[in-house]
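The structure appears below as structure tokens.
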Amino acid sequence: MNIQHRIAFIWLMIALCYLFHSSYHFSQAVFGMDIKIPGATGKVPVSMHLMRFVLEVFSMLLALLTLYIKKKGFILFLFTWAIMLLLLNVFHLGETIYKESDNISQVGLLSFVVVANFFLVLDVRKWKAVMS
């Protein structure tokens, strides 16, 4: 598997993990936990739509674009975005461990996302070096 394919694959894995992350929250309701946010009206806030787009859809879009674009500017953007996402994912993992350490599913999934994101940064860095 070449570097571009690996990077695209990791972007897809990360997007899939974001979807799993949401479904894990919903599974708590199956076991009796009230997951409704106080003051919720049943309407999904615009901020949640934006967050889903940025994390899920945009990650899948980056996977697709990675297969077709080989420009230095795009690779630099990928590298910057992957680093920012890694920091966000590390923070979220730490927050989850602090607040929900008994939620083994989420901690395991978020740990995987951090590891995948770390390898993503390394691979984009390698690709960036090759293209320079």
Side-chain angles (χ1 to χ4, degrees):
M1 184 182 292
N2 72 31
I3 194 88
Q4 276 180 276
H5 292 124
R6 245 188 2 240
I7 291 168
F9 182 72
I10 294 171
W11 276 120
L12 286 175
M13 282 195 311
I14 289 172
L16 186 63
C17 286
Y18 290 144
L19 294 169
F20 286 157
H21 182 52
S22 294
S23 74
Y24 286 5
H25 280 298
F26 293 126
S27 69
Q28 292 171 322
V30 172
F31 296 100
M33 180 181 189
D34 183 11
I35 61 170
K36 184 177 175 187
I37 296 172
T41 63
K43 185 177 179 191
V44 178
V46 173
S47 60
M48 182 56 83
H49 288 294
L50 290 173
M51 188 173 77
R52 285 181 175 159
F53 178 80
V54 168
L55 294 176
E56 297 166 5
V57 177
F58 194 59
S59 292
M60 291 185 289
L61 178 63
L62 291 177
L64 181 65
L65 294 177
T66 295
L67 297 172
Y68 292 96
I69 300 175
K70 296 180 182 178
K71 304 220 180 272
K72 290 179 186 178
F74 175 70
I75 297 168
L76 180 60
F77 172 77
L78 276 184
F79 185 62
T80 305
W81 187 254
I83 289 172
M84 290 181 354
L85 204 58
L86 176 60
L87 295 172
L88 173 75
N89 288 324
V90 166
F91 174 78
H92 189 48
L93 172 60
E95 177 186 42
T96 301
I97 290 170
Y98 179 73
K99 291 182 178 178
E100 304 176 60
S101 60
D102 61 329
N103 192 338
I104 299 166
S105 299
Q106 290 287 23
V107 171
L109 180 68
L110 295 173
S111 296
F112 174 80
V113 170
V114 168
V115 170
N117 205 158
F118 177 76
F119 283 117
L120 176 65
V121 169
L122 291 180
D123 279 349
V124 174
R125 184 174 160 233
K126 286 178 196 171
W127 192 28
K128 188 173 148 293
V130 168
M131 295 302 287
S132 293

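Hydrophobic clustering of Ile, Leu, Val, Met, Phe, Trp and Tyr side chains at less than 4.5 Å, counting indirect connections, keeps Met51 apart from Leu16. Both Leu65 and Phe58 are members of a single hydrophobic cluster when ILVMFWY side chains are connected at heavy-atom separations under 4.5 Å. Follow the hydrophobic side-chain contacts under 4.5 Å out from Leu88 and you reach Phe79 in the same cluster. Connection of Leu19 to Val113 is not established within any shared hydrophobic cluster, with ILVMFWY side chains joined at heavy-atom distances below 4.5 Å, either directly or through further cluster members. Under a hydrophobic-cluster definition in which Ile, Leu, Val, Met, Phe, Trp and Tyr are linked whenever side-chain heavy atoms come within less than 4.5 Å, directly or via other members, Met13 and Phe20 are assigned to different clusters.
Looking at heavy atoms from C-beta onward, Leu122 lies in side-chain contact with Phe119 at the 4.5 angstrom threshold. Taking the side chain as every heavy atom from C-beta outward, Glu100 and Val107 never approach each other to under 4.5 Å. At least one side-chain heavy atom of Leu120 sits under 4.5 Å from a side-chain heavy atom of Ile14. Ser111 is listed as a side-chain neighbour of Leu93, based on a closest heavy-atom distance under 4.5 Å.
Taken to the nearest 0.5 Å, the CD1 atom of Ile7 stands 7.5 Å off from the CD1 atom of Ile75. Atom CE of Met1 and atom CZ of Arg6 lie 8.0 Å apart (nearest 0.5 Å). The distance from atom NZ of Lys71 to atom CD1 of Ile69, rounded to the nearest 0.5 Å, is 8.5 Å. Here the CD atom belonging to Glu56 is positioned 10.0 Å from the NE2 atom belonging to His21, to the nearest 0.5 angstrom. Separating the OH atom in Tyr24 from the CG atom in Leu110 is a distance of 9.5 Å, to the nearest 0.5 Å. Put simply, CG on Leu109 and OH on Tyr18 are 10.0 Å apart, with the number rounded to the nearest 0.5 Å.
At most 12 non-hydrogen atoms from other residues, nucleotides or ligands lie less than 6.0 angstrom from CE of Met48. No more than 12 heavy-atom neighbours from other residues, nucleotides or ligands sit within 6.0 angstrom of CD1 on Ile104.
Heavy-atom minimum distance, Ala82 versus Asn117: O-ND2, 3.2 Å. Scanning both residues, Leu85 and Leu55, for their nearest heavy atoms gives CD1-CD2, 3.7 Å. Annotation for Ile10 and Ala116: closest pair CG2-O, 3.4 Å, computed over non-hydrogen atoms.
Phe74 and Trp127 have perpendicular rings, their planes meeting at more than 60° on a 0 to 90° scale where under 30° would count as parallel.
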Please report the C-alpha distance between Met84 and Trp81 in whole Å, then the side-chain angles of each, then the deciding distance to 0.1 Å, and finally whether the side chain to side chain contact (heavy atoms under 4.5 Å, CB included) criterion is met.
-> CA-CA 5 Å; Met84 290 181 354; Trp81 187 254; 3.6 Å; yes

Could you go through the side chain to side chain contact (heavy atoms under 4.5 Å, CB included) check for Arg52 and Val57 one step at a time?
-> CA-CA 7 Å; Arg52 285 181 175 159; Val57 177; over 6 Å; no

Evaluation steps, side chain to side chain contact (heavy atoms under 4.5 Å, CB included), between Leu62 and Phe77 = CA-CA 10 Å; Leu62 291 177; Phe77 172 77; 4.0 Å; yes

Step by step, work out the side chain to side chain contact (heavy atoms under 4.5 Å, CB included) result for Thr66 and Leu78.
-> CA-CA 9 Å; Thr66 295; Leu78 276 184; 3.5 Å; yes

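For the 3.5 Å distance criterion, the side chains of His92 and Asn89 fail to qualify, holding no donor opposite an acceptor.
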